[in-house]
> 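Here it is, the structure, as structure tokens.
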Amino acid sequence: MASGKMENGQQQQQEVRRRRNGEVVVDGSEILQLVENKEAFGKFVEQKFRLLDADGDGRLSVRELQPAVADIGAAIGLPARGSSAQADHIYSEVLNEFTKGKKESVSKSEFQRVLSDILLGMAAGLKRDPIVILRINGEDLNEFVESPRYEPEMAAIFSQVESGNSTLQQCMLAAIRQLTVDHGMPPASDSWVMENIIEPALQELHGDNLEQPVTQEVFFQEFRKFLAIVTQRLQGHPVIVAHTENTFDGNGIKKLLSNKLELDKLLDCVWRGVPKEKDRTAKQYIRVAFDRMADSINLPPYGAVEQVDAVVDEAFKMAKAEDGKAVDETEFKKLLTEILGAVMLQLDGNPISVSTNSVLHEPMSTSSTLLSPSPPSPMMLGNGKLGDQ
């Protein structure tokens with residue numbers, strides 16, 4: 001059942017790709033090619049190391065590593081530091097990967113080794129869940145308006161957005177937020193799209209009835225005109241969007257739990273990575289350990305998908321894994337295994353599908369000046385939280 005759900009999700013993503021013109025599929029191959037080319041990766045590390053080494057002493061202090069840690073967090077979808085206690089734990093763990101929790105600074109070779117591991121992890125994630133770069137130029141939106149889909153879908157949207165005394169303008173603004181890249185519309189939540197596409201299109205409409213109450217018939221007629229103007233603006237100002245689709249159904253956890261050898265290896269690995277005192281660790285580090293297992297069990301990092309976070313939170317609550325007590329290795333692994341099982345059951349019964357549509361503002365620069373290979377890796381170009389539009 002779970003594998004069938006995943007296959008359906010992959011088929012839907014492939015269909016999205018086939019519908020787009022001029023799309024680029026980012027599957028991690030460029031990152032992998034960079035890391036595997038020793039000469040090119042060495043030059044890449046040299047350049048990034050110099051950017052970070054502010055005092056030029058040939059080593060990166062904890063302070064100089066902070067921009068790297070922030071960029072890595074953004075790349076894997078974590079919210080900004082300080083916005084989540086759980087995310088802050090993960091930022092600390094990323095820093096610990098560089099310093100091993102003891103060193104005050106790291107050499108270039110140490111930096112290169114850890115960065116290589118991180119980029120390989122990103123490449124593996126992109127291979128599993130590629131990012132599709134779409135060029136939205138109005139063609140798909142025009143096709144939607146002229147198709148038999150238009151009236152039934154707009155009737156359903158109108159019934160959601162019309163409150164009895166809504167004006168035409170209120171209904172149109174609410175309705176266009178319901179359109180997605182599947183309709184050929186870039187995210188209306190993006191400020192650039194609103195200011196350069198939607199608001200100018202509204203201004204081109206005759207304003208006499210924009211502030212009047214609206215019927216469904218008038219809405220259909222005027223919204224069609226509105227989308228025609230939006231289409232024209234998109235033709236003159238194409239919008240580049242990074243699109244992803246993911247279905248989290250617990251199948252990755254199921255595979256791990258069915259393979260005792262791999263499960264034991266992973267539990268041993270995360271146990272070795274948590275702070276200990278007299279062979280015991282605080283239960284709060286179970287959360288950190290679970291998140292470090294995320295890539296191995298096909299889950300997003302904590303803080304990236306709210307719906308998945310809620311499932312994980314409930315599993316931790318059921319296992320009483322956050323009461324502040326210390327646990328030994330056996331208890332630690334037992335609790336983690338219980339939490340894995342609880343999350344798997346929840347996702348198997350109620351899979352969570354999410355998509356992201358993040359506008360890439362031209363020029364296609366990245367928010368991460370540290371980690372982006374050349375050309376920039378679109379892994380760095382998202383907005384953080386998944387589930388936008």
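These figures come from a predicted structure and were not determined experimentally.
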> I'd like to know if the side chain of Asp348 reaches the main chain of Gly250, judged simply by a donor and an acceptor atom lying under 3.5 Å from each other, with no hydrogens or angles considered.
no
> With a 4.5 Å limit on heavy-atom distance, are the side chains of Arg292 and Glu97 in contact?
yes
> Do Phe248 and Ile297 have side chains that approach each other closer than 4.5 Å (heavy atoms only, starting at C-beta)?
no
> Report whether Trp192 and Leu202 are members of the same hydrophobic cluster (ILVMFWY, side-chain heavy atoms less than 4.5 Å apart, transitive linking).
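Same cluster.
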> Please say whether the positively charged group of Arg149, taken as NZ for Lys or CZ for Arg, lies over the ring of Phe144, i.e. under 6.0 angstrom from the six-membered ring centre and within 45 degrees of the axis.
no
> Using 0.5 Å steps for rounding, measure from the OG atom of Ser147 to the CG atom of Asn142.
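Those atoms lie 10.0 Å apart.
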> Minimum heavy-atom separation for Cys171 and Val214, please, with both atom names.
SG-CG1, 3.6 Å
> So how far is it from Ile72 CD1 to Tyr91 OH, rounded to the nearest 0.5 Å?
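Answer for the CD1-OH pair, Ile72 versus Tyr91, is 10.0 Å.
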> Can I get a per-line list of side-chain donor-acceptor pairs under 3.5 Å for residues 336-347, giving both atom names and the distance, sequence neighbours left out?
residue : atom : partner : partner atom : Å
Thr337  : OG1  : Lys333  : O            : 2.8

> Any donor and acceptor pair, going by atom type alone, linking the side chain of Glu262 with main-chain N or O of Asn259 inside 3.5 Å?
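Pair absent, no side-chain N/O of Glu262 close to backbone of Asn259.
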> Evaluate the criterion side chain to side chain contact (heavy atoms under 4.5 Å, CB included) for residue pair Met293 and Leu267; output intermediate values, then yes/no.
CA-CA 9 Å; Met293 300 171 74; Leu267 290 174; 4.2 Å; yes
> Just checking, is any N or O donor in the side chain of Tyr302 or Asp313 under 3.5 Å from an acceptor N or O on the other one?
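The criterion, which ignores hydrogens and geometry beyond distance, is satisfied for Asp313 and Tyr302.
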> Which pair of heavy atoms, one from Leu52 and one from Ala68, lies closest together, and at what distance?
CD1-CB, 4.1 Å
> Is any side-chain heavy atom of Tyr150 less than 4.5 Å from a side-chain heavy atom of Glu146?
no
> Rounded to the nearest 0.5 Å, how far does CG of Leu60 lie from OG1 of Thr99?
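The CG atom of Leu60 is 11.5 Å from OG1 of Thr99, to the nearest 0.5 Å.
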> Take atom CZ in Arg63; do more than 12 heavy atoms of anything else shown fall under 6.0 Å from it?
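No, CZ of Arg63 has 12 or fewer neighbouring heavy atoms, counting only those of other groups under 6.0 Å.
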> Should the ring pair Phe316 and Phe290 be called parallel, tilted or perpendicular, given that the plane angle runs from 0 to 90° and is split at 30 and 60?
perpendicular
> Is Lys225 close to Leu205 at the side-chain level, that is, under 4.5 Å between some pair of heavy atoms?
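Heavy-atom side-chain distance check passes, below 4.5 Å.
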> Rounded to the nearest 0.5 Å, how far apart are CD of Glu30 and CG of Asp27?
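The CD atom of Glu30 sits 8.5 Å away from the CG atom of Asp27.
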> Hey, mind stepping through Ile240 and Leu134 against side chain to side chain contact (heavy atoms under 4.5 Å, CB included) and telling me if it holds?
CA-CA 6 Å; Ile240 309 300; Leu134 310 175; over 6 Å; no
> Is there side-chain contact between Met185 and Ile198, with at least one heavy-atom pair below 4.5 Å?
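In short, these two side chains touch, coming nearer than 4.5 Å.
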> Can any side-chain N or O of Gln232 pair as donor or acceptor with the backbone N or O of Ala201 at less than 3.5 Å?
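Absent.
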> Any salt bridge linking Asp117 with Arg113? Criterion: basic side-chain nitrogen under 4.0 Å from a carboxylate oxygen.
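Looking at Asp117 and Arg113, the cut-off is not met.
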> Would you check, one step at a time, whether the test side chain to side chain contact (heavy atoms under 4.5 Å, CB included) holds for Asp309 with Val305?
CA-CA 6 Å; Asp309 290 349; Val305 181; 5.5 Å; no
> Using modelled atom types only, decide if a donor and an acceptor are shared between the side chain of Arg280 and the backbone of Ala326 within a distance under 3.5 Å.
yes
> Scan residues 31-42 for pairs that pass salt bridge (Lys or Arg N to Asp or Glu O under 4.0 Å), counting only residues two or more places apart or in two chains.
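Listed once each, the pairs are Glu39-Lys43.
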> His183 and Glu153: side-chain donor and acceptor closer than 3.5 Å?
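Their side chains do contain a donor-acceptor pair, which is all the 3.5 Å distance test asks for.
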> Go through the steps to decide whether Glu331 and Lys325 satisfy the test salt bridge (Lys or Arg N to Asp or Glu O under 4.0 Å), and finish with yes or no.
CA-CA 11 Å; Glu331 294 169 309; Lys325 297 180 180 179; over 6 Å; no
> Between His243 and Ile131, is any pair of side-chain heavy atoms under 4.5 Å apart?
no
> So which atom in Ser355 and which in Glu245 form the shortest heavy-atom distance, rounded to 0.1 Å?
CB-CG, 4.1 Å
> Roughly how far, to the nearest 0.5 Å, is the CG atom of Asn246 from the CG atom of Leu299?
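Leu299 CG to Asn246 CG: 11.0 Å, rounded to 0.5 Å.
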> Taking all non-hydrogen atoms of both residues, which atom of Ala40 and which atom of Asn37 are closest, and how far apart?
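Looks like N-OD1, 3.0 Å.
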> Looking at Ala123 and Leu32, what are the two nearest heavy atoms and their distance?
CB-N, 4.2 Å
> For the residue pair Ser107 / Ser109, report whether a side-chain donor-acceptor contact shorter than 3.5 Å exists.
yes
> Any side-chain heavy atom of Gln66 within less than 4.5 Å of one from Leu95?
yes
> Are any side-chain N or O atoms of Glu64 and backbone N or O atoms of Ala54, one a donor and one an acceptor, separated by less than 3.5 Å?
yes
> Would Lys103 and Glu110 count as a salt bridge (Lys or Arg N to Asp or Glu O under 4.0 Å) if you check the C-alpha gap in whole Å, the side-chain angles of each, and the deciding distance to 0.1 Å?
CA-CA 11 Å; Lys103 298 178 182 178; Glu110 292 168 327; 2.2 Å; yes
> Find the distance between CG (Leu141) and CG (Asp182) and round it off to the nearest 0.5 Å.
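Leu141 atom CG to Asp182 atom CG measures 12.5 Å (nearest 0.5 Å).
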> Looking at Asp279, I'd like to know if its CG atom is crowded, meaning that more than 12 non-hydrogen atoms belonging to other residues, nucleotides or ligands lie closer than 6.0 Å.
no
> Going only through I, L, V, M, F, W and Y residues with side-chain contacts under 4.5 Å, is there a path from Met318 to Val312?
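The answer is no; the residues belong to distinct hydrophobic clusters.
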> Yes or no on side chain to side chain contact (heavy atoms under 4.5 Å, CB included) for Arg59 and Lys108, after CA distance, side-chain angles and deciding distance?
CA-CA 7 Å; Arg59 295 183 68 85; Lys108 187 189 301 180; over 6 Å; no
> Asn137 side chain to Pro238 main-chain N or O, any donor-acceptor pair under 3.5 Å?
no
> Would you say Thr247 and Asp249 are linked by a side-chain donor-acceptor pair, where the criterion is simply a distance under 3.5 Å?
no
> Is it the case that more than 12 heavy atoms not belonging to Lys276 sit under 6.0 Å from its NZ atom?
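Enclosed: over 12 neighbouring heavy atoms sit under 6.0 Å from NZ of Lys276.
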> Can any side-chain N or O of Arg135 pair as donor or acceptor with the backbone N or O of Val239 at less than 3.5 Å?
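Here the side-chain-to-backbone pair does not exist.
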> If you count the non-hydrogen atoms of other residues, nucleotides and ligands that lie under 6.0 Å from CD in Gln33, is the total more than 12?
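For Gln33, atom CD is not crowded (no more than 12 foreign heavy atoms under 6.0 Å).
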> Mind listing the closest non-hydrogen atom pair of Val308 and Ile352 along with its distance?
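That closest heavy-atom pairing would be N-CD1, 3.8 Å.
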> Determine whether a donor-acceptor pair (N or O, by modelled atom type, separation under 3.5 Å) exists between the side chain of Ser358 and the backbone of Ala242.
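Side chain of Ser358 to backbone of Ala242, a donor-acceptor pair under 3.5 Å: no, none is there.
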> Does the side chain of Glu162 reach to within under 4.5 Å of the side chain of Phe219, using non-hydrogen atoms?
no
